Protein chains: 2
Amino acid sequence: MSVTQPVHPDNASKDRLRLWLRMLKASRMIETQLRENLRAEFQSTLPRFDVMAALSRYQDGLKMSQLSDVLRVSNGNVTGIVDRLADDGCVVRVPVPGDRRASLVRLTKRGHEEFAVQAKAHEDWINDILSEFSANQAVTVSGHLDALVTALEGKAP
Amino acid sequence: MSVTQPVHPDNASKDRLRLWLRMLKASRMIETQLRENLRAEFQSTLPRFDVMAALSRYQDGLKMSQLSDVLRVSNGNVTGIVDRLADDGCVVRVPVPGDRRASLVRLTKRGHEEFAVQAKAHEDWINDILSEFSANQAVTVSGHLDALVTALEGKAP
DNA sequence: AGATTATACTTGAAGTCTAAAATATTTTTA
DNA sequence: TAAAAATATTTTAGACTTCAAGTATAATCT
C-alpha cells in the first residue's frame, strides 16, 4: 500500500517564485507607464511625485529622515529630490526650533495645487491600467499584499 | 421616490489605487531585501543576478542586443554590467563566426557554478519572504498578474 | 563595385540610486 | 562638565540607468 505523496514536496516554493517574478514584471511595467505619463503631462518624475504624495499625507511636514523612511529610499537620495522640488517652489525646508540639525519639509501652496492635479491624473491612470482587476479582486489581492508588507515590516523593523 | 445609489459611484478606482500602492510597496520591500542579501552573501547586485539568470536560461549564449531585449534595459547599460561580470570571470564574450560586429555572451563554468548557488539562495529567500501566501494563493494571484501583464503588453507593443 | 542604409555594439554625458563616510548637532554618560 | 554615544542630514563613491552620438561591420541598392 502506497502513501499518496506529491512528487514535488516543495512545489510551493516554485509557485511563490513565479508569483514574485510576475509581481516584479507587473510593477515594472506599471512604473514605466506612470513615469512616462508623469514626464509627458507634468514634466515630473516618480520620485518627485512620491515625495509630494508623502508630504500631502503629512500636512505638518516631515523631516528628511522620516521622508526617506516613509518612501523607503536612501537618505542621501531624498536630499537631491527635495532640493529640486524646493528649486521649483513646490516644497520648503522649515527649521525645527530647538534642533538645528533637522528641518521639516512641507508642501508650499503651489506644491499642494500642483499635487492635487497630478494625484487626480495618477488615480485615473491606475484605474485604467488595473482595469483587469474588479473592485473585489483588487480588495482581495490588496489584503494579501498588506499582510505580506506587515509580515516583512515585522521581520526587520 | 429615491433611487438607491452608491455614495461613491467609482469606488473601484480607489480600490485599484490601493492595490497599486500595496503592490509597489511590497515590490520595493522585496527588492530591497534581495539586494541586501545578494550584496551580503555574494557581493553581487540585482542587475548582475538578472543577467546571469537570463544567460542561464539561454545556454547557447545571447547577443548583447538580445540580452538588453530580454532584460528590458537599454543597450548601453548591458555593456557595463557584462563588462564587470567578465572582469569577475563569470561570463565571456564569444565572437560570432561570420559577423564581426556581434558577440555572444555566455556563462563560464565559474559563472554557472556561481549562479547555481545564487539561484538556489534566491528561491529560498523568496519562499521565505512570500510564506504569507499559500501555494494556492500564489497560483491565483500569479494568474491575475499574468493577465494584467498580458493586457499591458497588448496596449503598447 | 561603390554608395547608402541597417545592424551590433561601445562610448559619453547627465542623472538616479544605494551604501557608507563625513559633518554637525544633540543627548547621554561617567 | 568633558567625553562618548546617538541623531539628522549631507556628501561622496560607485553601480546602474537612459539616451544620443560614434565606430565598425554587414546587407542592400543602383
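Lettering follows sequence order; numbering is per chain, from 1. What's counted below: heavy atoms across the whole structure, side chains too, no hydrogens, waters or symmetry copies. From a predicted model like this one, the values you see are computed outputs, not experimental measurements.
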Yes or no on side chain to side chain contact (heavy atoms under 4.5 Å, CB included) for Leu130(A) and Leu148(B), after CA distance, side-chain angles and deciding distance? CA-CA 7 Å; Leu130(A) 292 188; Leu148(B) 170 60; 3.7 Å; yes
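- What separates CG of Leu46(B) from P of dT16(C) is a distance of 21 Å, to the nearest Å.
- At the phosphate of dA20(C), OP1 or OP2 sits under 4.0 Å from a side-chain N or O atom of Arg39(B).
- The phosphate of dT16(C) has neither OP1 nor OP2 within less than 4.0 Å of any side-chain N or O from Asn77(A).
- Across the protein-nucleic acid pair, Asp99(B) atom CG and dA8(C) atom P stand 7 Å apart, rounded to whole Å.
- At the phosphate of dT16(C), neither OP1 nor OP2 sits under 4.0 Å from any side-chain N or O atom of Arg48(A).
- We find that CG of Asn75(A) is positioned 15 Å from P of dA21(C), with the value rounded to whole Å.
- Clustering ILVMFWY residues whenever any of their side-chain heavy atoms sit less than 4.5 angstrom apart, transitively, puts Leu24(A) in the very cluster that holds Leu19(B).
- Among the heavy atoms of the strands lying under 4.0 Å from Gly98(A) are primed sugar atoms or P, OP1, OP2 only; no base atom is included.
- Between Glu36(A) atom CD and dC19(D) atom C1' the separation is 14 Å, expressed in whole Å.
- Here Ser74(B) lies in heavy-atom contact (under 4.0 Å) with a base.
- Of all nucleotides listed (dA8(C), dC16(D), dA19(C)), dC16(D) comes nearest to the side chain of Pro47(B).
- For the pair Thr79(B) and dT10(C), the criterion of a side-chain N or O lying under 4.0 Å from OP1 or OP2 is met.
- Atom CG in Asp83(A) sits about 13 Å away from atom P in dT12(D), given to the nearest Å.
- Using a 4.0 Å cut-off, some side-chain N or O of Arg93(A) falls inside it from OP1 or OP2 of dT10(D).
- At whole-Å resolution of the value, CZ in Arg28(A) and P in dC16(D) are 13 Å apart.
- Contact check, Ser65(B) against dC9(C): a side-chain N or O comes under 4.0 Å of OP1 or OP2.
- In this structure, the CD atom of Glu31(B) is 12 Å from the C1' atom of dC17(C), given to the nearest Å.
- For Arg101(A) against dT9(D), no side-chain N or O and base N or O form a donor-acceptor pair under 3.5 Å.
- Below the 3.5 angstrom threshold, one finds no donor paired with an acceptor across the side chain of Arg100(A) and the base of dT25(C).
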Show, in sequence, the C-alpha distance, side-chain angles and deciding distance for Thr79(B) and Met64(B), and conclude whether the side chain to side chain contact (heavy atoms under 4.5 Å, CB included) test is met. CA-CA 7 Å; Thr79(B) 299; Met64(B) 295 298 281; 4.0 Å; yes
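- Here the CG atom belonging to Asp128(B) is positioned 9.0 Å from the CG atom belonging to Leu152(A), to the nearest 0.5 angstrom.
- Taking every side-chain heavy atom of Ser103(B) into account, dC9(C) is the closest of dT9(D), dC16(D), dC9(C).
- Using modelled atom types and a 3.5 Å distance limit, the side chains of His112(A) and Gln59(A) yield a donor-acceptor pair.
- Within the structure, a side-chain polar atom (N or O) of Arg84(B) is placed less than 4.0 Å from OP1 or OP2 of dC16(D).
- Rounded to whole angstrom, the span from the CZ atom of Phe49(B) across to the C1' atom of dC16(D) amounts to 18 Å.
- A donor-acceptor pair under 3.5 Å links the side-chain atoms of Thr150(A) to the main chain of Asp146(A), judged by distance alone.
- Within the nucleic acid shown, Val73(A) comes within 4.0 Å of sugar-phosphate atoms alone, with no base atom in reach, counting heavy atoms only.
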